[in-house]
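Read the numbers this way: they start at 1 and go in the same order the structure lists the ligands and their atoms.
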Amino acid sequence: MAPPGPAGAHPTPAAEPLSRSIFRKFLLMLGSLLTSLYVFYCLAERCRTLSDPVVGLSGGGGEEAGPRGAAEWDLMPRTLEGQITMEKTPSYFVTREAPARISAMSKDTKLIVVVRDPVTRAVSDYTQTLSKRPDIPSFESLTFRNRSAGLIDTSWSAIQIGLYAKHLEPWLRHFPLGQMLFVSGERLVSDPAGELGRVQDFLGLKRIITDKHFYFNQTKGFPCLKKAEGSSKPHCLGKTKGRAHPAIAREVLRRLRDFYRPFNRKFYQMTGQDFGWDG
Ligand SMILES: Nc1ncnc2c1ncn2[C@@H]1O[C@H](COP(=O)(O)OS(=O)(=O)O)[C@@H](OP(=O)(O)O)[C@H]1O
């Protein structure tokens with residue numbers, strides 16, 4: 001989320017002296033965000049509240065922290081001219097009260113949602129939970145309410161969060177589509193500079209992050225920064241990114257794909273963007 005600040009003034013491209021460190025934090029945010037509903041990265045159980053402040057920083061907090069009442073919005077820092085305050089809480093995308101509250105705080109807030117294929121997202125979400133609680137039931141048994149009837153358990157958060165069209169609806173009652181940017185989690189891996197180019201344009205920033213800042217690390221399977229800030233060494237995402245996902249039966253994945261298809265199509269229509277998950 002990128003509220004332009006209490007005054008609601010959007011920074012103009014010309015007045016955008018965003019420092020490298022800010023960009024680095026921004027990149028890290030986008031990284032861990034995946035997710036986020038990637039947005040919000042709705043990319044995982046990561047759709048719990050994560051308050052990672054970025055620029056002109058919003059209030060921190062543990063994973064369970066986050067605005068629960070109007071008073072907590074006061075934790076957003078004062079934003080000076082030429083600054084952008086960013087707040088990254090993936091769970092907002094799927095939190096019923098969030099659109100009205102954020103709109104009440106600032107109608108001009110720009111919203112960035114990072115989304116990825118909801119099937120992969122569900123497996124990634126499960127993988128993360130599994131890494132913390134190795135005794136949880138199998139992905140298959142959590143996915144189905146009734147396996148033989150193929151009935152998907154939509155109350156399981158790993159499944160529920162991937163219903164992007166459903167989660168987007170309330171946001172569109174409070175914000176125009178033009179104030180939202182949907183970042184592809186897949187392209188963030190295959191073309192990070194391209195996706196970040198869209199982000200920079202959306203925020204009205206000069207394009208500072210380009211292809212030349214990245215290289216692809218084959219071992220990691222992710223793009224990395226050629227140089228970390230203040231160092232000549234490369235910087236890659238942490239160990240928890242790119243974890244191996246457990247093998248899931250093809251039939252289960254097929255059923256999930258069928259299940260999500262209509263929701264994905266609706267999401268493409270709503271956003272005017274085809275994310276290519278059903279191709
Ligand atoms: N920058 C960037 N680009 C592309 N993909 C990214 C990025 N950052 C995180 N991810 C992927 O998003 C998934 C969830 O990551 P999170 O940071 O939210 O959670 S986690 O703690 O790493 O599990 C998790 O997906 P999987 O690794 O497929 O499970 C991360 O790898």
Side-chain angles (χ1 to χ4, degrees), residues 1 23-54 61-66 86-95 112-134 136 139 142 157-159 161-162 164 181-200 209-211 213-226 228-229 234-248 253 256 275-277:
M1 317 256 252
F23 257 122
R24 187 167 160 273
K25 284 175 185 158
F26 175 56
L27 283 176
L28 291 173
M29 174 203 75
L30 271 180
S32 59
L33 191 117
L34 274 169
T35 220
S36 177
L37 266 170
Y38 345 175
V39 96
F40 298 122
Y41 130 153
C42 242
L43 298 194
E45 181 182 16
R46 324 40 203 261
C47 272
R48 283 168 309 166
T49 299
L50 296 169
S51 257
D52 269 3
V54 182
E63 293 212 341
E64 304 311 323
M86 300 192 77
E87 212 287 338
K88 178 211 66 148
T89 302
S91 63
Y92 287 168
F93 188 65
V94 297
T95 300
I112 300 175
V113 189
V114 183
V115 283
R116 86 198 285 194
D117 180 342
V119 178
T120 323
R121 204 212 74 84
V123 180
S124 166
D125 194 330
Y126 174 79
T127 307
Q128 194 204 43
T129 309
L130 192 65
S131 72
K132 294 176 182 158
R133 287 185 276 141
I136 56 168
F139 180 86
L142 290 167
S157 63
I159 301 291
I161 292 166
Y164 303 143
L181 179 74
F182 300 90
V183 172
S184 156
E186 287 82 10
R187 284 199 301 269
L188 217 39
V189 175
S190 63
D191 179 19
E195 280 310 272
L196 287 169
R198 295 179 62 234
V199 172
Q200 291 168 90
I209 304 285
T210 62
D211 265 339
H213 292 93
F214 297 97
Y215 73 97
F216 194 83
N217 182 317
Q218 296 291 348
T219 319
K220 186 119 188 87
F222 275 108
C224 300
L225 284 174
K226 283 185 186 161
E229 195 214 352
H235 177 82
C236 295
L237 294 169
K239 277 204 288 276
T240 59
K241 323 293 175 205
R243 270 190 282 241
H245 293 176
I248 310 293
L253 295 177
L256 273 177
F275 289 86
W277 300 320

Where on Lys241 is there a heavy atom closer than 4.0 Å to ligand 1, on the side chain, on the backbone, on both, or on neither? both
For Pro223, which residues count as a side chain to side chain contact (heavy atoms under 4.5 Å, CB included) partner, sequence neighbours excluded? Val189, Pro192, Phe214, Phe216
Going by the closest heavy atom to atom 25 (O) of ligand 1, which one wins out of Arg187, Arg116, Glu186? Arg116
Element-labelled atoms of ligand 1 that are located less than 4.0 Å from some non-hydrogen atom of Leu237: 1 (N), 2 (C), 7 (C), 8 (N)
State the atoms of ligand 1, each with its element, that fall below the 4.0 Å cut-off from a heavy-atom position in His245. 26 (P), 28 (O), 29 (O)
Could you work out, with ring-ring contact (aromatic ring centres under 6.0 Å, His included) as the rule, every residue matching Phe139, not counting sequence neighbours? Tyr126, Trp156
Using non-hydrogen atoms of the residue, decide whether Val189 is closer than 4.0 angstrom to ligand 1. yes
Is the shortest heavy-atom distance from the side chain of Leu253 to the side chain of Val119 under 4.5 Å? yes
Report, in ascending order of atom number, the atoms of ligand 1 lying under 4.0 Å from any heavy atom of Arg243. 20 (S), 21 (O), 23 (O), 27 (O)
Report yes or no: does Glu195 contribute a side-chain atom to a donor-acceptor pair with the main-chain N or O of Ser184 at less than 3.5 Å? yes
Could you tell me which atoms of ligand 1, counted from 1 in the order shown, lie closer than 4.0 angstrom to a heavy atom of Gly242? 27 (O), 31 (O)
Quick one: does Lys220's side chain have a donor or acceptor within less than 3.5 Å of a partner on Gly238's backbone? yes
Looking at side-chain heavy atoms only, is the closest gap between Phe222 and Cys236 below 4.5 Å? no
